[in-house]
Amino acid sequence: MENPADKIIVPLDVPDVESAIALIHKLPEVSFWKVGLELFVATGGEVLNFLKGEGKKIFLDLKFHDIPNTVKNATKSVLKYDVDLLTIHATAGRDALQGAKQVVLEGGQGRPKLLAITVLTSINPRQLAFDLKVPIELPEYALNNALLAKESGMDGAVCSPQEVAKLKEVCGDDFILVCPGVRPEWATKGDQQRVMTPAKAIASGADYLVIGRPITQAEKPSLAWAKIIQEISVN
Ligand SMILES: O=C(O)c1cc(=O)[nH]c(=O)n1[C@@H]1O[C@H](COP(=O)(O)O)[C@@H](O)[C@H]1O
């Protein structure tokens, strides 16, 4: 049977390598770590090499959003790190997504798997309509972006757990769905808008959950981790 702990990705949202290594050592149970903009901009590949050395899986969350030529070449630069997942905004458009996929195929390793960001979990329907002037409902927009990603050869998408059931139904079981915006009942929302509990997010069809501050900012991160694993295991 699948180990529920393998479904949780913890972000290393810290400013330097020392803090990253301290967190990795504090949570030896975690097998899948996410390196995002804060840490990668500060440290480049150093932390990725450390994670590899520890035998961890890596989600490199750089959220590329640029013209096709730049996205393609940036993806080519990522190949040398041998990471498992990489993010690109769906709104970079079909040519950028297809170009990135082409580069991965040419690399011949089948990695990283490419995930498209659909609609950031920090955006609420009002912001989407009034600030970003997107004239369709948020769930429909997220689905549209996921379908564009699928048609363009992406391996999956990042979405809120609130949209994951619909995206799974329409995009199919093979399309990997990763959900941030996950909050146990006992955690605060922070800047996340479209949230759900870990157990409900898994039950709704998420393949992976990204859970950061409820674990990393907890007084005892290991306890928070264990509590979440227990919550998703009883379902
Ligand atoms: O791509 C992501 O991982 C991501 C996409 C998204 O829509 N929302 C989102 O919160 N994230 C990331 O998921 C993590 C969530 O962290 P917490 O809010 O602390 O659980 C952060 O590292 C975000 O950068």
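When a ligand or atom number is given, it counts from 1 through the structure's own listing order.
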- Item | Value rounded to 0.5 Å, distance of NZ in Lys57 from NZ in Lys52 |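 Rounded to the nearest 0.5 Å, the NZ-NZ separation comes out at 9.5 Å.
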- Message: Using 0.5 Å steps for rounding, measure from the CD1 atom of Ile88 to the CG atom of Asp61.
- Response: 11.5 Å
May I ask you to decide whether [X] forms a salt bridge with [Y], counting only side-chain N to carboxylate O separations under 4.0 Å?
{"X": "Lys76", "Y": "Glu106", "answer": "no"}
{"X": "Arg111", "Y": "Asp155", "answer": "no"}
{"X": "Asp131", "Y": "Lys133", "answer": "no"}

- Going by the atom numbers of ligand 1, which of them fall below 4.0 Å from some non-hydrogen atom of Arg213? 17 (P), 18 (O), 19 (O), 20 (O)
Nearest protein heavy atom with distance in Å, relative to [atom]:
{"atom": "atom 24 (O) of ligand 1", "answer": "Lys34 NZ, 3.4 Å"}
{"atom": "atom 8 (N) of ligand 1", "answer": "Thr121 OG1, 2.7 Å"}
{"atom": "atom 10 (O) of ligand 1", "answer": "Gln192 NE2, 2.8 Å"}
{"atom": "atom 5 (C) of ligand 1", "answer": "Pro180 CG, 3.5 Å"}
{"atom": "atom 14 (C) of ligand 1", "answer": "Val210 CG1, 3.7 Å"}
{"atom": "atom 1 (O) of ligand 1", "answer": "Lys63 NZ, 3.0 Å"}
{"atom": "atom 17 (P) of ligand 1", "answer": "Arg183 NH2, 3.5 Å"}

- Under 3.5 Å, is there a donor-acceptor pair linking the side chains of Ser152 and Gln98? no
- Run down the list Asp13, Leu12, Leu209, Val178 and name the one with the heavy atom closest to atom 22 (O) of ligand 1.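 Looking at heavy atoms only, Asp13 sits closest to atom 22 (O) of ligand 1.
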- Can you label the angle between the His25 ring and the Phe50 ring as parallel, tilted or perpendicular, going by 30° and 60°? perpendicular
- Query: Below 6.0 angstrom between ring centroids: does that apply to Phe59 and Phe32?
  - Reply: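 Here the rings of Phe32 and Phe59 have centres that are no less than 6.0 Å from each other.
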- Hey, does Gly212 come in under 3.5 Å of ligand 1, counting only N/O atoms on both sides? yes
- Item | Leu120 and ligand 1 - part of the residue with a heavy-atom distance under 4.0 Å | both
- Classify the contact between Ile117 and ligand 1 as side chain, backbone, both or neither, using a heavy-atom distance cut-off of under 4.0 Å.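 The answer is the side chain.
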